[in-house]
Structures are given as C-alpha cells and as structure tokens.
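Step one of this worksheet: look at the structure below.
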Amino acid sequence: MSITAGELAVQFGCTLRGDPDVVVTHVATLESADSSALSFLANPKYRVYLGSTRAAAVVLDVASAAECSVTALIATQPYVTYARIAALLHPPASPTAGIHASAIVAATASIDNTSEIGAQVVIGANTHIGENVIVGAGCVIGNDIRIAANTRLMPNVTLLEGTVIGARCIINSGAVIGSEGFGFAPSNEGWVKVPQIGRVIIGNDVEIGANTTIDRGAIGDT
C-alpha cells in the first residue's frame, strides 16, 4: 500500500517536520532506503546515517530530528511507532479459504469455511479450527486440538493431542507443542515411564519462534 507522511502523522500521533505529501510504500533501514521507503532511528549509533539517508521519511525522537535530512515523523517511542507503521505497510496475507486436496482431515474435525488448510496437512479427530486461521503446508494437528480465530501456523508445525491455541497467534515453522516432557521414575528395575496427561494452553496474541518445543504438563496443564 502507499500512504503519505501527513496521513501517518495523524494516524499514529506523530509531529511532522517536512513534506506532508511525501509517499511511502514500504520500510527499510536508513542505509538501504530508497525514495519511497520509511525508515526509523531508535539506536543512537545509527544517527550518522540521518544526513545521507534517501528515505522518504524517518520515524525518530525530537532530539534527533534536527539532524534528519528528509521528512521526519517525531514520536516519543520511535521504535514502537515504526513497528505499528510497518505492520500497516506490510500486512500479513489473508487466508485463501479452503482445504488443499492433499490434506488429510478427520471426519469429526471442524474447520471454519474462512480458514486455509495447506498442502499435506494432517488434522485429527474432534479438532476445531476457528475463523480466518492459516495452517501452512505440512502441519500435523492431532486430536482434540482447539485453534482460535486469526491464528497462523507456518509450515511444518506440530500440535499434539489436547493443545489449545488462542486467537491471533503466530506459530513459526518447526515448532512442536504438546509433546511429552521428560517423565521417568527410577526403580530398582530401571526407569519407569510416567504418563504425561496434561495439555499445553497458549493464550491470545502469542508468537512462538521456529523450532520451539513446549511440552505438555505431567498432570496439570502447561
């Protein structure tokens, strides 16, 4: 999308210094920015680039604004303001509703018709997937899983039995949630496996990094 610096100043509560009609379409670093990019300054060690940046506009604090050679969007929290503007300029893709022909979905699973189920996904029995969820290619979702609205599973995520995922979460590739923890009791005959019967419950607005493992509880929930 494209938006003017003046519009950004109004929407995000910035003080504008410079041309309100300059248009930005994407974000970039101070060093690599072109004439349609928005950049930001949060770390003082990068202030040296303010005088030479080719960015259309820069988000920064009032103390740095005098050194900025282009349009400045002055904010009390530059990095936070930049993050919000970047999210506006680079929104996540919307789901392409439907279930890929190669996906395997249990007959008792419930999938909202606004959600996207990618190639070679496996979805187990009695699992419920809410509105506008994206399940990337190769994900394995076990039995009795709950995934709330607007959550995104990147490719090759594994959710094991009983896991609950809240709304607007992002789970990055390779994450395994709901696996058994280390549960063994020592005996004279050797180690005895202890059943891990809890669940993993993830709340709303959580992001989980790539290749993260979150084990289910031994008795209670994680």
Nearest-0.5 Å distance, CG of residue L153 to CD1 of residue I134: 10.0 Å
Check: T163 side chain, L160 main-chain N or O, donor-acceptor pair, under 3.5 Å: yes
In one Ile/Leu/Val/Met/Phe/Trp/Tyr side-chain cluster, 4.5 Å: I145, V164: no
Straight-line distance of I141 CD1 to I177 CD1, nearest 0.5 Å: 10.5 Å
Donor-acceptor contact below 3.5 Å, side chain H90 vs main chain V27: yes
Main-chain N/O of P155 paired with S173 side-chain donor or acceptor, under 3.5 Å: yes
Plane angle bin for F184 and W191 - parallel if under 30°, tilted between 30 and 60°, otherwise perpendicular: perpendicular
Separation of E207 CD from I171 CD1 (nearest 0.5 Å): 10.0 Å
Exercise: identify the closest heavy-atom pair between L73 and A9: CD2-CB, 3.8 Å
Main-chain N/O of A167 paired to N204 side chain as donor or acceptor, under 3.5 Å: yes
Q11 atom CD, neighbour heavy-atom count above 12 within 6.0 Å: yes
Shortest non-hydrogen separation from G166 to A148 and the atoms involved: C-CB, 3.4 Å
Sub-4.5 Å side-chain heavy-atom contact between V70 and V22: no
More than 12 heavy atoms of other groups within 6.0 Å of R47 CZ: yes
Nearest-0.5 Å distance that lies between atom CD1 in I202 and atom CD1 in I165: 5.0 Å
M1 reachable from V59 in the ILVMFWY side-chain graph, under 4.5 Å edges: yes
Single-linkage hydrophobic cluster V122~V105, side-chain heavy atoms < 4.5 angstrom: no
T71 side chain to P20 backbone, donor-acceptor under 3.5 Å: no
Flag side-chain contact, heavy atom, 4.5 Å: I208 against V157: no
N150 side chain reached by E131 side chain, heavy atoms, under 4.5 Å: no
Residue Q120 excluded, over 12 heavy atoms near CD under 6.0 Å: no
Point-to-point distance, once rounded to the nearest 0.5 Å, from OG1 of T29 to CG of L41: 12.0 Å
Backbone of A125 reached by a side-chain donor or acceptor of N143 within 3.5 Å: yes
Side chain to side chain contact (heavy atoms under 4.5 Å, CB included) assessment of V121 paired with H100: CA-CA 8 Å; V121 168; H100 194 277; over 6 Å; no
Flag, side chain of S36 to backbone of A56, donor-acceptor distance under 3.5 Å: no
Side-chain touch L88/I3, heavy atoms, less than 4.5 angstrom: yes
OH/Y49: more than 12 non-hydrogen atoms of other groups inside 6.0 Å: no
Donor-acceptor pair, side chain of R216 and main chain of Q196, under 3.5 angstrom: yes
Within one Ile-Leu-Val-Met-Phe-Trp-Tyr cluster: V140 and V176, side-chain cutoff 4.5 Å: no
Where S69 and S52 come nearest, the two heavy atoms and their spacing: OG-N, 4.2 Å
L60 vs L50 side-chain heavy atoms within contact, under 4.5 Å: yes
Exercise: identify the closest heavy-atom pair between S179 and T213: OG-CG2, 3.5 Å
Closest contact, heavy atoms only, I123 versus A109: CG2-CB, 3.9 Å
Inter-residue atom distance R152.CZ - E116.CD, 0.5 Å rounding: 8.5 Å
Check: I85 and F12 side chains under 4.5 Å, non-hydrogen atoms: yes
Exercise: do D21 and T4 side chains pair donor with acceptor under 3.5 Å: no
Joint cluster assignment, V58 & V24, ILVMFWY side-chain distance < 4.5 Å: no
NZ/K193: more than 12 non-hydrogen atoms of other groups inside 6.0 Å: yes
Flag side-chain contact, heavy atom, 4.5 Å: L38 against Y82: yes
Test item: S115 side-chain N/O and P95 main-chain N/O as donor-acceptor pair under 3.5 Å: no
Taking every non-hydrogen atom, the tightest pair across A103 and I99: CB-CG2, 3.8 Å
N/O donor-acceptor pair under 3.5 Å between T222 side chain and V200 backbone: no
